[in-house]
Amino acid sequence: MVKKINACVFISGKGTNLATLVKSSRKNNFPLKIELVISNKKDAPGLKISKRNSIRFKYFSSKKMRIFEKKCLIELKKREIKFICLAGFMRILSKDFIKNFSHKIINIHPSLLPKYKGTNTHARVLRNKDRFSGCTVHYVTPKLDSGKIIKQKKVLIEKNENEDSLKKKILKVEHAIYPKSIIKIFK
Ligand code: GAR
């Protein structure tokens, strides 16, 4: 059994990656205990996953990022959080926030970075008629979707692929590589 460290997952939406991380965190070989979930969206469906699993959760508005980050830092300190996983968290964290968790914040992004940073990745990939897309787990830096890559996985784009089918296909792969990336970091 590995010694688990306290982690927080930041979400903005559905939280299917959060669900995968929660499931993984129950296994003996997984290095994180999900102690806290933070959402910048009051109605994020992912918050229901924390409730269902009895994980403490907080909502902070991100209208003013400085205030959002300040509130997060207080809570993270209180819960002795040592590692942060962004899972569909759709805001950019500042340099000042990130320096509190140097090399301790990771993100999952639905493209083969450095290609397609930012939003609407699937639509852009299809428009460009790429043959492959995929997902990437990487360290978070103040530059959008640019930190060192931890793991990446490719998927083939079928002839009749649409945005929805590609999103589903990639999400399935995300659920496999996110926990694996975390195990790799702590090995
Ligand atoms: C995932 O596809 C994740 O890669 C993406 O948002 C989705 C969240 O799904 N993240 C980004 O685009 C971040 N730039 P989930 O809420 O079901 O985990």
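As the structure lists them, so they are numbered: ligands from 1, and atoms in each ligand from 1. Since this is a predicted model, take the numbers as computed values, not measurements.
- At least one side-chain heavy atom of I185 sits under 4.5 Å from a side-chain heavy atom of Y139.
- The residues lining ligand 1, counting any heavy atom closer than 4.0 Å, are K14, G15, T16, N17, G88, M90, I108, H109, P110, L171, E174.
- Taking the six-membered ring where tryptophan is involved, the planes of F89 and F68 are essentially parallel, since the angle between them stays under 30° and well short of 60°.
- Within 6.0 Å of NZ on K41 lie no more than 12 heavy atoms contributed by other residues, nucleotides or ligands.
- Side-chain contact between I182 and L21 is present, with heavy atoms from C-beta onward closer than 4.5 Å.
- Put simply, V140 and V9 are part of two different groups of oily side chains (I, L, V, M, F, W, Y) that touch within less than 4.5 Å, one to the next.
- Between P110 and K167, every side-chain heavy-atom pair lies at or beyond the 4.5 Å cut-off.
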